[in-house]
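Only heavy atoms go into these numbers, but all of them, side chains included; no hydrogens, no water, no symmetry mates. These numbers come from a predicted model, not from an experiment.
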Amino acid sequence: MALVDMGDMLRHAHRNRYAVGAFDLVGLDFLEGLMAAAERCRSPIILSLAESHFGYFDFELVMPAVVAAARRAAVPVAIHLDHGESLESAVRGIRLGCNGVMVDASQAPLAENIHRTREVVDMAHACGIPVEGELGYVPGVEGEDAERHPGEVVYTSVEEARTYVEQTGVDFLAVSVGTVHGRMRGEPRLDFDRLRAIDAALGLPLVIHGGTGLADEQFRRLIAAGVAKINYYTALADAAGARIRANAGDGGGSYTELTRGVREAVAAEAERCMRLWGSAGRADALRAACAAWQPVEHVILYNTTGLDDAGARDMMAEGRRVLGAIPGVRRVATGTAVAEDARYRHCWLVTFTHPAVIDSYREHPAHRDFADHRFRPVAGDRVSIDYRLNEEGEPD
Ligand code: 13P
């Protein structure tokens with residue numbers, strides 16, 4: 001089933017009044033536990049990576065594992081950058097394999113929030129990638145006691161939400177209706193009327209941050225009022241922490257003794273949520289409603305004139321750097337034929353995250369400049385073809 005378009009995924013959830021969990025992961029134990037939970041109860045899942053957690057793991061090293069887990073999954077998966085802080089973060093997340101991004105400028109004044117969100121939407125939509133914005137303010141910090149970060153909730157206003165969505169073009173909106181990130185004492189008081197009014201005004205999948213600590217009935221009411229994505233982390237981290245403490249109490253001392261069972265602790269809590277939020281058992285119906293996420297390989301085979309192999313190597317190194325930074329490009333590889341008498345001596349293999357990148361890459365100023373001044377003048381003899389990719393284990 002593998003990776004699917006996150007826009008299709010959340011529109012299906014919104015239409016059918018269930019919510020997909022966006023679980024923040026901070027390492028491989030979390031990743032494996034989350035995938036086990038989703039497969040056990042046939043649920044779609046969003047694997048979420050929060051920029052605020054990048055101090056705990058190497059984003060660049062973890063992402064290939066996340067992409068591999070999504071590819072081999074028996075349920076539909078999307079990969080999301082959570083609380084992206086800047087345009088550059090969003091470009092990087094997409095390059096590493098996220099197929100949904102959040103831009104969080106919610107602490108800035110409305111006009112600035114709109115401006116920063118719009119920049120990310122323009123870039124991401126040109127890469128075929130949906131964007132979540134946030135309006136209002138959900139205080140607290142994931143994984144910590146909410147009381148230690150006692151900011152005031154700023155509730156999302158219906159009128160501002162309408163303006164924000166019109167002016168930014170976001171695909172999903174994270175709203176503030178009384179939840180708080182992190183561990184809190186007591187149940188938060190949620191403003192369901194406000195949520196219903198926002199849903200009626202926008203008709204977009206809505207997102208709740210700060211899922212930990214809500215009562216079962218609160219989740220049901222949030223989903224009935226238009227919430228299609230629930231962000232969840234602290235309870236997973238606490239379940240993992242409790243497992244480690246129990247292992248220590250049983251005399252475990254080594255890393256492997258202490259972390260034994262962490263995956264299952266994460267899986268059990270995630271599975272509980274999937275059943276409660278109504279995503280369990282939806283994998284097949286959702287898959288049928290979603291476009292598969294299929295990268296494109298932009299292949300160019302060419303010969304050079306007026307440039308020896310050393311000159312070609314310099315040009316290719318520059319191209320890997322310049323073209324690899326264009327939004328939507330996942331990888332740039334260059335090659336030189338093994339056989340001396342190959343019809344084409346060199347190649348570019350440029351992987352785009354989505355077919356939309358074929359056009360946005362062609363028009364990007366960095367590509368135009370490189371192609372017009374560096375490449376085309378020396379590579380008149382060439383063929384260029386874009387291929388949709390299928391990899392082993394994925395459906396055709
Ligand atoms: P909790 O840590 O409160 O579950 O919130 C997670 C979250 O909102 C991540 O964006």
Side-chain angles (χ1 to χ4, degrees), residues 49 51 54 58-64 67 79 81 84-101 103 116 118-129 131 293-338 342-389:
L49 297 105
E51 187 159 359
F54 286 1
D58 185 327
F59 186 42
E60 221 162 282
L61 284 184
V62 166
M63 277 302 286
V67 172
I79 304 175
L81 174 70
E85 290 166 13
S86 63
L87 179 63
E88 293 70 36
S89 310
V91 171
R92 180 168 179 242
I94 292 169
R95 176 163 52 78
L96 294 176
C98 292
N99 69 345
V101 293
V103 48
R116 285 171 51 193
R118 178 83 241 175
E119 268 185 347
V120 173
V121 169
D122 287 345
M123 178 281 296
H125 282 184
C127 302
I129 292 197
V131 177
W293 192 260
Q294 223 180 0
V296 166
E297 194 77 6
H298 176 63
V299 179
I300 301 177
L301 309 176
Y302 65 100
N303 292 311
T304 55
T305 40
L307 201 65
D308 60 12
D309 270 8
R313 273 199 303 277
D314 281 352
M315 176 189 66
M316 291 191 281
E318 185 181 334
R320 289 195 298 270
R321 184 174 53 75
V322 170
L323 304 174
I326 294 175
V329 172
R330 298 281 321 277
R331 177 192 82 135
V332 180
T334 53
T336 298
V338 176
R343 167 69 185 86
Y344 293 102
R345 178 130 184 87
H346 302 293
C347 73
W348 299 99
L349 301 174
V350 186
T351 312
F352 299 150
T353 190
H354 184 275
V357 184
I358 296 171
D359 290 338
S360 56
Y361 173 85
R362 191 190 311 110
E363 300 307 324
H364 194 281
H367 170 259
R368 283 184 168 214
D369 187 51
F370 184 82
D372 290 347
H373 299 114
R374 198 74 166 94
F375 177 59
R376 289 178 185 144
V378 296
D381 181 20
R382 64 177 189 272
V383 290
S384 166
I385 304 176
D386 295 305
Y387 293 95
R388 277 181 213 281
L389 294 185

Nearest non-hydrogen partners of [X] and [Y], listed with the distance:
{"X": "R388", "Y": "P355", "value": "NH1-CG, 3.5 Å"}
{"X": "G128", "Y": "A356", "value": "N-CB, 3.7 Å"}
{"X": "A124", "Y": "V131", "value": "CB-CG2, 3.5 Å"}
{"X": "A90", "Y": "V120", "value": "CB-CG1, 3.9 Å"}
{"X": "V378", "Y": "M315", "value": "CG2-SD, 4.0 Å"}

Rounded distance (nearest 0.5 Å) linking atom [atom1] of [X] with atom [atom2] of [Y]:
{"X": "L49", "Y": "I79", "atom1": "CG", "atom2": "CD1", "answer": "8.0 Å"}
{"X": "C127", "Y": "D122", "atom1": "SG", "atom2": "CG", "answer": "11.0 Å"}
{"X": "I94", "Y": "I129", "atom1": "CD1", "atom2": "CD1", "answer": "4.0 Å"}
{"X": "W293", "Y": "H354", "atom1": "CH2", "atom2": "NE2", "answer": "4.5 Å"}
{"X": "F59", "Y": "S89", "atom1": "CZ", "atom2": "OG", "answer": "8.5 Å"}
{"X": "M316", "Y": "T334", "atom1": "CE", "atom2": "OG1", "answer": "5.0 Å"}

- State which residues pass side chain to side chain donor-acceptor pair (under 3.5 Å) with R313; sequence neighbours excluded, sorted by chain then number.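 Expected list: none.
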
Could I get the full list of side-chain contact (heavy atoms from CB on, under 4.5 Å) partners for [X], not counting sequence neighbours?
{"X": "A371", "answer": "H367, R376"}
{"X": "E318", "answer": "R321, V322, F370, R374"}
{"X": "A379", "answer": "Y302, F375"}

- Message: side-chain contact (heavy atoms from CB on, under 4.5 Å), that's the test. Do R362 and I358 meet it? Break it down for me.
- Response: CA-CA 6 Å; R362 191 190 311 110; I358 296 171; 3.7 Å; yes

- Using atom types as modelled and distance alone, determine if a side-chain donor or acceptor of H364 lies under 3.5 Å from a backbone N or O of S360.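 Between the backbone of S360 and the side chain of H364 there is no qualifying donor-acceptor contact (under 3.5 Å).
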
Does [X] reach the side chain of [Y], with side-chain heavy atoms less than 4.5 Å apart?
{"X": "Y344", "Y": "D381", "result": "yes"}
{"X": "Y361", "Y": "D386", "result": "no"}
{"X": "H298", "Y": "S384", "result": "yes"}
{"X": "V103", "Y": "M123", "result": "no"}
{"X": "R330", "Y": "P295", "result": "no"}
{"X": "Y387", "Y": "V299", "result": "yes"}

Exercise answer: donor-acceptor pairs, residues 345-352 side-chain atoms, under 3.5 Å, sequence neighbours excluded:
{"unit_1": "R345", "atom_1": "NE", "unit_2": "D309", "atom_2": "OD1", "d": "3.4"}
{"unit_1": "R345", "atom_1": "NH2", "unit_2": "D309", "atom_2": "OD2", "d": "2.8"}
{"unit_1": "H346", "atom_1": "ND1", "unit_2": "T336", "atom_2": "OG1", "d": "3.1"}
{"unit_1": "T351", "atom_1": "OG1", "unit_2": "E297", "atom_2": "OE1", "d": "2.8"}

- Any pair with a residue in residues 84-96 that passes salt bridge (charged side-chain N to carboxylate O under 4.0 Å, His left out), sequence neighbours left out, goes on the list, sorted by first then second residue, please.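 For residues 84-96: E60-R92.
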
